[in-house]
Novice: 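Below: one structure in structure tokens.
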Amino acid sequence: TLFRSTYSELNEANMAKSAFEKSLSMDSTSFQTYLNYGIFCFKNKQFDKAKALFKKAYILNHQNIQPLMLWGIILIEEKEYLSALSKFKKALNYEPFNTEALYMCGLCYLHLENYSLCIEFCKKSCSLNPKKTENYTLITEAYLKLNDKQSCLDSFEKYEKYSLNNWKYYNSWGAALQYFNMFDEAIKKYDKARSLKDDEFVIHNALSCCYLILGRSDDAIVAINKTIELNPHFAPGYYNLAQIYFKKQDYNNAIVLFKKAIALDAKLSGAYIGIADSYSCLDDFKN
């Protein structure tokens, strides 16, 4: 059944591609065909082809910014942030109050480490559309990168009313509080994020890190076990759990968990040291 389903999807994709090509051979000036073909290639991760098609669509119709926006999103996927920024700014030349283009400029500036301009563009975007909550996360992250604790935490408070059902917002808030060594407060925000979306392993992992720092090992074990349950391939989860068992002097379980971590990520150098220390504590000097 899986084979038939996959074959059917591949066959439909080939048919769609042939249809787009035939349409362009009949009319090489169709903006809509270039745009739709580009979207098709974008969805199928054929980025170079998609960019060429969006470029052609843009040449044919400067007034429609959709090709520029999609072109820019591909460039972000490719981590070409400066090139992406140029596309979004060009889009703003046609639609100066386009909130998505303003947000995408802010995102590019964040990656380009120009945090002040990130804040400026995102604030303009959210002033036009307060419901676009992604802006608030970028603004607070930019303040965090600037190490501006007061502005960062004040912004989280200010924008919370727009993000009451957004688990990512509370997760980011927790991360900021954790960065500023406010671990008890961070746990409260992570708990709020967890209440909104309990199946995100990143929340439980962040909680476990706070518990570990505060010496709450039993709570940390619960959080790490939940992290591993949600993402069995998350090597740091096994590593952190092994460290707890090591501190509890349960060296055999620590060795098992350190080895699981290494099996998933051979570059976890601390796990090798943990194994050696565990064997040493067991007087197994050969191992």
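Both backbone and side-chain heavy atoms feed into the values below; hydrogens, waters and symmetry mates do not.
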Novice: S125 side chain to C122 main-chain N or O, any donor-acceptor pair under 3.5 Å?
Specialist: no
Novice: Do side-chain atoms of Y34 reach the backbone of L24 as a donor and acceptor pair under 3.5 angstrom?
Specialist: no
Novice: Would you give the length of the straight line joining atom CG of N171 to atom CD of Q178, rounded to the nearest 0.5 angstrom?
Specialist: 9.5 Å
Novice: Donor-acceptor pair, distance only, cut-off 3.5 Å: does the side chain of S208 make one with the backbone of I224?
Specialist: no
Novice: Let me check something: any side-chain donor-acceptor pairs from residues 231-243 under 3.5 Å, sequence neighbours excluded? List them with distances.
Specialist:
unit_1	atom_1	unit_2	atom_2	d
N231	OD1	H233	N	3.2
Y238	OH	P232	O	2.9
Y239	OH	Q243	NE2	3.3
N240	ND2	P236	O	3.3

Novice: Do Y179 and C152 make a side-chain contact, defined as non-hydrogen atoms from C-beta onward lying under 4.5 Å apart?
Specialist: no
Novice: How many angstroms lie between CD1 in I255 and NZ in K259, if you round to the nearest 0.5 Å?
Specialist: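 I255 CD1 to K259 NZ: 6.5 Å, rounded to 0.5 Å.
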Novice: Would you call the rings of Y58 and Y94 parallel, tilted or perpendicular if under 30° counts as parallel and over 60° as perpendicular?
Specialist: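 Rings of Y58 and Y94: perpendicular, over 60°.
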Novice: Can you name the nearest heavy-atom pair linking C126 to N135, along with the distance?
Specialist: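 Result for this residue pair: N-ND2, 3.7 Å.
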Novice: How about L153 and L177: do any of their side-chain heavy atoms sit closer than 4.5 Å?
Specialist: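 Yes, their side chains come closer than 4.5 Å.
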Novice: How long is the straight-line distance from CD1 of I244 back to CG of L212, given to the nearest 0.5 Å?
Specialist: 4.5 Å
Novice: Counting only N and O atoms by type, is there a donor-acceptor contact under 3.5 Å from the side chain of S28 to the main-chain atoms of S25?
Specialist: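 No; judged by distance alone, with no hydrogens or angles, the pair does not exist.
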Novice: Do any N or O atoms from the side chain of S127 and from the backbone of K124 form a donor-acceptor pair under 3.5 angstrom?
Specialist: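 Side chain of S127 to backbone of K124: a pair is present.
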Novice: Do Y170 and Y190 have side chains that approach each other closer than 4.5 Å (heavy atoms only, starting at C-beta)?
Specialist: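 Not in contact.
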Novice: Starting from the C-alpha separation in whole Å, work towards a yes-or-no answer on side-chain contact (heavy atoms from CB on, under 4.5 Å) for K132 and Y162.
Specialist: CA-CA 8 Å; K132 187 167 178 56; Y162 301 110; over 6 Å; no
Novice: In the single-linkage hydrophobic clustering (I, L, V, M, F, W, Y; side-chain heavy atoms under 4.5 Å), do I59 and F31 co-cluster?
Specialist: no
Novice: Centroid-to-centroid, Y103 to F121, below 6.0 Å?
Specialist: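 No, the ring centres sit 6.0 Å or more apart.
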Novice: If you measure from CZ on F156 to CG on D154, what distance do you get to the nearest 0.5 Å?
Specialist: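 F156 atom CZ to D154 atom CG measures 11.5 Å (nearest 0.5 Å).
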Novice: Are the side chain of N98 and the backbone of E95 linked by a donor-acceptor contact shorter than 3.5 Å?
Specialist: no
Novice: Looking at side-chain heavy atoms only, is the closest gap between Q66 and L68 below 4.5 Å?
Specialist: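 Of all side-chain heavy-atom pairs linking L68 with Q66, none is under 4.5 Å.
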Novice: Report yes if some heavy atom in the side chain of S155 is under 4.5 Å from a heavy atom in the side chain of Y136; otherwise report no.
Specialist: no
Novice: Would you say OH of Y272 has more than 12 non-hydrogen atoms from neighbouring residues, nucleotides or ligands within 6.0 angstrom?
Specialist: yes
Novice: Is the shortest heavy-atom distance from the side chain of E160 to the side chain of W173 under 4.5 Å?
Specialist: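 SC-SC contact between E160 and W173 confirmed.
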Novice: Show your reasoning for whether side-chain contact (heavy atoms from CB on, under 4.5 Å) applies to I221 and K248.
Specialist: CA-CA 12 Å; I221 289 172; K248 288 177 173 285; 3.7 Å; yes
Novice: Which heavy-atom pair separates K123 from Y143 by the least distance, and what is that distance?
Specialist: NZ-OH, 3.3 Å
Novice: Please say whether more than 12 non-hydrogen atoms of neighbouring residues, nucleotides or ligands are located less than 6.0 Å from NZ in K197.
Specialist: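 Enclosed.
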Novice: Whether K188 and E185 form a salt bridge (side-chain N of Lys/Arg under 4.0 Å from carboxylate O of Asp/Glu) is what I want to check.
Specialist: no
Novice: Without placing hydrogens or testing angles, list every side-chain donor-acceptor pair under 3.5 Å for residues 42-57, not counting sequence neighbours.
Specialist:
unit_1	atom_1	unit_2	atom_2	d
N44	ND2	F40	O	2.7
K51	NZ	E78	OE1	2.8
K51	NZ	E78	OE2	3.4

Novice: Could you state the interatomic distance from CG (D199) to NE2 (H204), rounded to the nearest 0.5 Å?
Specialist: 7.5 Å
Novice: Go through it in stages, so that I can follow the logic: the residues are T33 and M26, the test is side-chain contact (heavy atoms from CB on, under 4.5 Å), and I'd like the CA-CA distance, side-chain angles, deciding distance and then a yes or no.
Specialist: CA-CA 11 Å; T33 303; M26 296 170 65; over 6 Å; no
Novice: Determine, using the 4.5 Å side-chain heavy-atom cutoff (strictly less than), whether F258 and F285 are members of one ILVMFWY cluster.
Specialist: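 F258 and F285: separate clusters.
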Novice: Verify the cluster assignment for I74 and I39: are they in a single hydrophobic cluster under the rule of side-chain heavy atoms below 4.5 Å apart?
Specialist: yes
Novice: Roughly how far, to the nearest 0.5 Å, is CG of L257 from CD1 of I275?
Specialist: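 Here the rounded value is 10.0 Å.
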Novice: As a quick check of understanding, evaluate side chain to side chain donor-acceptor pair (under 3.5 Å) for N61 and N64, giving each step before the final call.
Specialist: CA-CA 6 Å; N61 184 356; N64 190 313; 5.8 Å; no
Novice: Got a list of side-chain donor-acceptor pairs under 3.5 Å for residues 112-119, not counting sequence neighbours?
Specialist:
unit_1	atom_1	unit_2	atom_2	d
N114	OD1	L117	N	3.3

Novice: Do S278 and Y245 come close enough that some side-chain heavy atom pair is under 4.5 Å?
Specialist: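 S278 does not reach Y245 side chain to side chain.
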Novice: Any link between L207 and L196 through a network of hydrophobic side chains (Ile, Leu, Val, Met, Phe, Trp, Tyr) touching at under 4.5 Å?
Specialist: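 Same cluster.
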Novice: If you count every heavy atom of other residues, nucleotides or ligands that lies below 6.0 Å from K168 atom NZ, does the total exceed 12?
Specialist: no
Novice: Mind checking whether L75 and Y81 sit in one hydrophobic cluster, side chains of I, L, V, M, F, W, Y counted as touching below 4.5 Å?
Specialist: yes
Novice: Side-chain contact, heavy-atom cut-off 4.5 Å: L92 with L102?
Specialist: yes
